[in-house]
Amino acid sequence: MSEPINNLPEQKTSNFVRDIIDEDLKTNKYDGRVNTRFPPEPNGYLHIGHAKSICLNFGIARDYNGMCNLRFDDTNPSKEEVEYVESIKEDVRWLGFSWGNREYYASDYFEQLYEYAVALIKKGLAYVCELTPEQIREHRGTLTAPGKESPFRNRSIEENLNLFERMRNGEFPDGSKTLRAKIDMSSPNINMRDPIMYRILRESHHRTGDKWCIYPMYDWAHGQSDSLEKITHSICTLEFEDHRPLYDWFVEKLGIYHPQQIEFARLNLSYTVMSKRRLLQLVEDGNVSGWDDPRMPTISGLRRRGYTPESIRYFAERIGVAKRENMIDVALLEDSLREDLNKRSLRVMAVLKPLKVVIDNFHDEKVEMLDATNNPEDESMGKRKLPFSKILYIEQDDFMENPPKKFFRLSPGTEVRLRYAYIIKCESVSKDPKTGEITELHCTYDPETRSGTGTSQKKVKGTIHWVSANHSVNAEVRLYDRLFKIENPSGDDWKASINPESLTIIKNCKLEQSLINAKKQDRYQFERLGYFCVDYDSSPANIICNRTVTLKDTWAKIAKTGE
RNA sequence: UGCCGGGUCGUCUAAUGGCAGGACAACGCCCUUUGGAGGCGUCUGUAGAGGUUCGACUCCUCUCCCGGCAGCCA
């Protein structure tokens with residue numbers, strides 16, 4: 001079916017939506033055409049849940065040799081902005097999809113929608129209602145009780161036509177009148193109880209400016225837009241299931257082309273929130289630095305964090321598409337990323353929390369250049385030279401004065417291999433006499449054990465990373481953790497479970513000197529630590545790296561269970 | 001309590017009347033100059049009760065559980 005994504009394992013992409021399309025193709029329902037659409041409302045940034053929908057819609061178009069339209073559902077000028085339109089286009093493009101010249105706006109159809117409304121009025125199927133919002137709510141009835149008909153329901157067609165035209169002409173104040181479909185106030189489906197088609201709203205629209213003072217509601221705009229674009233399969237999320245009878249009613253009464261609405265379950269990801277309302281609140285309340293904060297599940301946040309478009313597409317294939325409610329383990333997203341990055345990222349060495357090591361038996365001035373492999377998964381990525389000298393930095397975590405049994409790293413009197421270099425032995429520990437803090441380690445190296453020479457049979461359990469003190473560059477590293485402490489933050493106090501440790505900033509990290517030329521967004525694997533990328537805030541004078549995701553850490557597990 | 005939809009390993013998702021499979025997670029082992037990567041293995045599931053059938057995750061009936069719907073939001 002679908003093409004493999006880069007070097008990532010091929011996924012079976014069958015799902016119930018594709019089954020429906022297969023069947024429609026077999027019966028020639030749409031003359032063999034497949035035309036989907038991705039219809040975001042430009043009132044916020046796209047998130048990983050939208051990515052699922054984008055991959056579904058654009059993926060189907062690709063696999064069925066069809067088309068996928070990008071359509072902005074911009075029917076509510078009070079919440080929508082150009083900034084969002086631009087960010088949405090950037091995100092879809094970045095994910096690897098293109099919509100060619102099929103960029104549409106519901107607002108492009110305002111005139112046609114108006115004509116359709118007039119047609120419905122002429123058929124006696126829509127009327128101008130003057131009930132206040134409160135009265136409309138009262139007349140709607142409840143989930144268990146039927147509604148009451150509006151006293152304006154049986155106006156003449158002429159009067160409705162006249163009033164509707166005057167609504168458009170701006171003769172009535174905001175909210176004073178609505179155009180409603182005349183369906184059934186006692187329908188068990190509340191969406192069918194004379195739904196509002198137009199409201200009066202004097203608000204400048206990002207595309208139509210002040211041309212209109214009446215704006216169509218979602219239900220009235222969406223299906224007709226699909227119809228005008230000759231969409232075959234209009235794929236949306238489950239909460240619109242109850243709207244399908246209305247969707248069908250409009251196109252049938254209008255006698256226009258009838259696309260098929262299909263609903264699937266939206267993505268829920270553990271340890272985060274996904275609603276635009278809540279994401280907006282995090283941004284506005286300053287819990288994060290912005291929509292593209294690397295802790296946000298937004299596309300722009302994931303991008304800044306260092307995620308690849310391929311990994312997100314791969315993730316979207318792996319989670320599948322179905323109708324049951326779901327809660328995807330964020331570990332699957334992280335696994336999808338590692339799977340991609342492992343195969344293609346350059347390995348480098350970086351020490352986050354430096355501990356000074358002096359190699360006592362190494363020549364004071366000597367600098368030895370060692371061979372290091374750029375990516376053991378891909379020989380074609382070649383090798384680089386690494387400077388080794390008397391004074392090094394290793395990770396504080398890689399030394400323990402009183403190590404537990406399964407600690408394979410350095411401790412007094414034990415040996416460990418320095419990656420791509422020599423086996424060293426810890427001879428003594430220097431401490432600050434006042435604080436007791438370890439200030440430096442004195443070690444000796446075994447010249448017979450240089451990496452790759454095979455001149456020594458010596459084996460050690462552990463290999464640790466390091467950088468040469470005089471050949472390192474300083475950097476700030478930002479470590480990110482999940483934004484929430486609980487799997488499913490919900491309810492009014494959802495913010496109570498924000499993880500206060502979701503961001504840890506470490507200064508004075510030591511990177512190997514090859515990183516001096518790193519550009520923004522460049523991705524690396526810091527050996528043994530994880531995948532990192534250069535942040536937007538970074539500059540040559542002040543390098544800043546984001547930890548995208550850690551490597552799987554067996555030791556962390558052992559250490560944890562040992563506690 | 002009205003209408004709509006949904007219940008398959010811990011989490012996702014296949015099987016559409018014919019061997020309940022895969023992935024992630026977890027656990028164990030092997031391998032390893034990244035405690036990475038890789039390899040092998042283990043664990044765990046059809047909500048319940050009836051029925052139809054040679055045969056039911058699948059079809060029928062009833063029950064239970066979960067989600068959505070009462071914006072001039074989408």
Side-chain angles (χ1 to χ4, degrees), chain A residues 9 11-12 14-16 19 39-41 43 73 75-76 78-80 129 131-133 136-138 140-147 174-180 187-193 195-201 214-215 217-219 221-222 236-245 263 265 270 276-277 318-329 331-336 338-339 342-343 347 349 373 375-377 406-409 417-421 423 449 451-452 459-465 487 525-530 550-559:
Chain A
Q11 292 298 299
K12 193 199 296 175
S14 173
N15 58 54
F16 82 99
D19 290 347
E41 183 191 8
N43 69 342
D73 221 337
T75 57
N76 185 358
S78 60
K79 296 198 296 183
E80 296 154 6
C129 182
L131 256 22
T132 66
I136 284 187
R137 193 181 340 109
E138 286 159 16
R140 190 155 31 226
T142 69
L143 294 176
T144 51
D174 283 11
S176 62
K177 291 181 174 52
T178 56
L179 183 74
R180 295 227 261 164
S187 170
N189 181 346
I190 291 180
N191 296 121
M192 301 299 272
R193 319 241 261 229
I196 292 170
M197 294 164 65
Y198 279 97
R199 72 279 213 187
I200 303 176
L201 188 61
I214 57 171
Y215 289 97
M217 298 287 289
Y218 166 85
D219 284 306
H222 201 90
C236 62
T237 44
L238 247 29
E239 69 269 27
F240 294 105
E241 210 154 21
D242 288 341
H243 294 241
R244 180 156 28 94
E263 311 85 15
S270 60
K276 275 197 237 177
R277 203 194 95 243
R318 296 219 281 177
I319 59 177
V321 177
K323 295 196 76 159
R324 60 182 146 257
E325 297 287 331
N326 60 76
M327 175 64 77
I328 309 284
D329 192 337
L332 186 65
L333 212 213
E334 294 175 344
D335 183 78
S336 303
R338 289 192 192 101
E339 185 88 37
N342 174 49
K343 296 276 185 356
R347 313 289 133 124
M349 291 206 280
T373 303
N375 185 347
E377 299 288 320
K406 287 182 178 170
F407 188 78
F408 301 148
R409 283 109 97 145
R417 173 170 290 280
L418 294 178
R419 180 79 161 152
Y420 297 124
I423 289 174
T449 60
S451 186
K459 291 268 183 198
V460 287
K461 269 285 208 181
T463 298
I464 63 174
H465 59 277
E487 191 178 69
Q525 184 196 100
F526 290 179
E527 294 219 28
R528 301 208 309 133
L529 295 174
T550 61
L551 256 21
K552 284 186 194 166
D553 190 347
T554 310
W555 166 246
K557 260 180 209 170
I558 296 169

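Naming convention: chains lettered A, B, ... in sequence-line order (proteins, then strands); numbering from 1 in each chain.
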For this session: Go through the steps for A/Thr550 and A/Arg338 under the test side-chain contact (heavy atoms from CB on, under 4.5 Å), then give the verdict.
Result: CA-CA 9 Å; A/Thr550 61; A/Arg338 289 192 192 101; 3.7 Å; yes
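- B/C60 and B/G67 have their C1' atoms separated by 25 Å, with the value rounded to a whole Å.
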Whether each nucleotide of nucleotides 64-74 of chain B has a protein heavy atom under 4.0 Å at its base (B), only at its sugar-phosphate (S) or at neither (-) is summarised, 5' to 3', as ---SBBBSBBB
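- Comparing the C1' positions of B/A70 and B/C65 gives an interatomic distance of 24 Å, to the nearest angstrom.
- The CD1-C1' distance, from A/Ile328 to B/A25, rounds to 13 Å in whole Å.
- OP1 or OP2 of B/G7 lies within a sub-4.0 Å distance of a side-chain N or O belonging to A/Arg324.
- For the 3.5 Å distance criterion, the side chains of A/Glu377 and A/Asn375 fail to qualify, holding no donor opposite an acceptor.
- Remark: the separation of the P atoms in B/C57 and B/C73 is 49 Å, to the nearest Å.
- In this structure, A/Leu333 places its CG atom 19 Å from P of B/U11, rounding to the nearest Å.
- Every side chain to side chain contact (heavy atoms under 4.5 Å, CB included) that A/Ala421 has, sequence neighbours left out, goes to A/Leu370, A/Phe388, A/Leu418, A/Trp466.
- In the model, A/Ser78 has a side-chain atom that pairs as donor or acceptor with a side-chain atom of A/Asn76 under 3.5 Å.
- Taking atom P on both B/C24 and B/C72, the two are 47 Å apart, rounded to the nearest angstrom.
- Separating the C1' atom of B/A23 from that of B/A14 is a span of 11 Å, rounded to the nearest Å.
- Smallest separation of non-hydrogen atoms from A/Phe526 and A/Leu551: O-CD2, 4.5 Å.
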For nucleotides 32-47 of chain B, 5' to 3', base contacts (B), sugar-phosphate-only contacts (S) and non-contacts (-) with protein non-hydrogen atoms under 4.0 Å give -BBBBS----------
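- B/G36 and B/C29 have their P atoms separated by 13 Å, given to the nearest Å.
- Because its glycosidic torsion is more than 90° from 0, B/G38 is reported here as anti.
- Residues forming a side chain to side chain contact (heavy atoms under 4.5 Å, CB included) with A/Asp335 (at least two apart in sequence, or on another chain): A/Arg318, A/Glu339, A/Lys552.
- Within the model, atoms OH of A/Tyr215 and OG1 of A/Thr75 stand 10.5 Å from one another, a figure rounded to the nearest 0.5 Å.
- Across B/A25 and B/G68, the matching P atoms stand 29 Å from one another, rounded to whole Å.
- By the 4.5 Å heavy-atom criterion applied to side chains, A/Tyr218 and A/Asp73 are counted as neighbours.
- Nearest-nucleotide positions on RNA chain B for A/Leu332 and A/Lys323 put A/Lys323 closer to the 5' end.
- For the pair A/Phe16 CZ and B/C12 P, the computed distance is 16 Å after rounding to whole Å.
- Summarising the geometry, the separation between CZ on A/Arg318 and P on B/G21 is reported as 20 Å, rounded to the nearest angstrom.
- Looking at residues two or more places apart in sequence or on another chain, you find no salt bridge (charged side-chain N to carboxylate O under 4.0 Å, His left out) involving A/Asp19.
- Atom CZ in A/Arg193 sits roughly 13 Å away from atom P in B/C4 (whole-Å rounding).
- Annotation: the span from A/Arg199 atom CZ to A/Met217 atom CE amounts to 5.0 Å, rounded to 0.5 Å.
- Checked by atom type and distance alone, the side chain of A/Asp329 never pairs as donor or acceptor with a backbone atom of A/Leu332 at under 3.5 Å.
- In this structure, the ring of A/Phe408 has its center no less than 6.0 angstrom from the ring center of A/Trp555.
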Read 5' to 3' with Watson-Crick or G-U pairs under 3.5 Å, [ ] for crossing pairs and | for partners on another strand, RNA chain B gives .((((((..((((....[..)))).(((((.......)))))....(((((..]....))))))))))).....
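- Spacing between B/G7 and B/G45 at atom C1', rounded to whole Å, works out to 12 Å.
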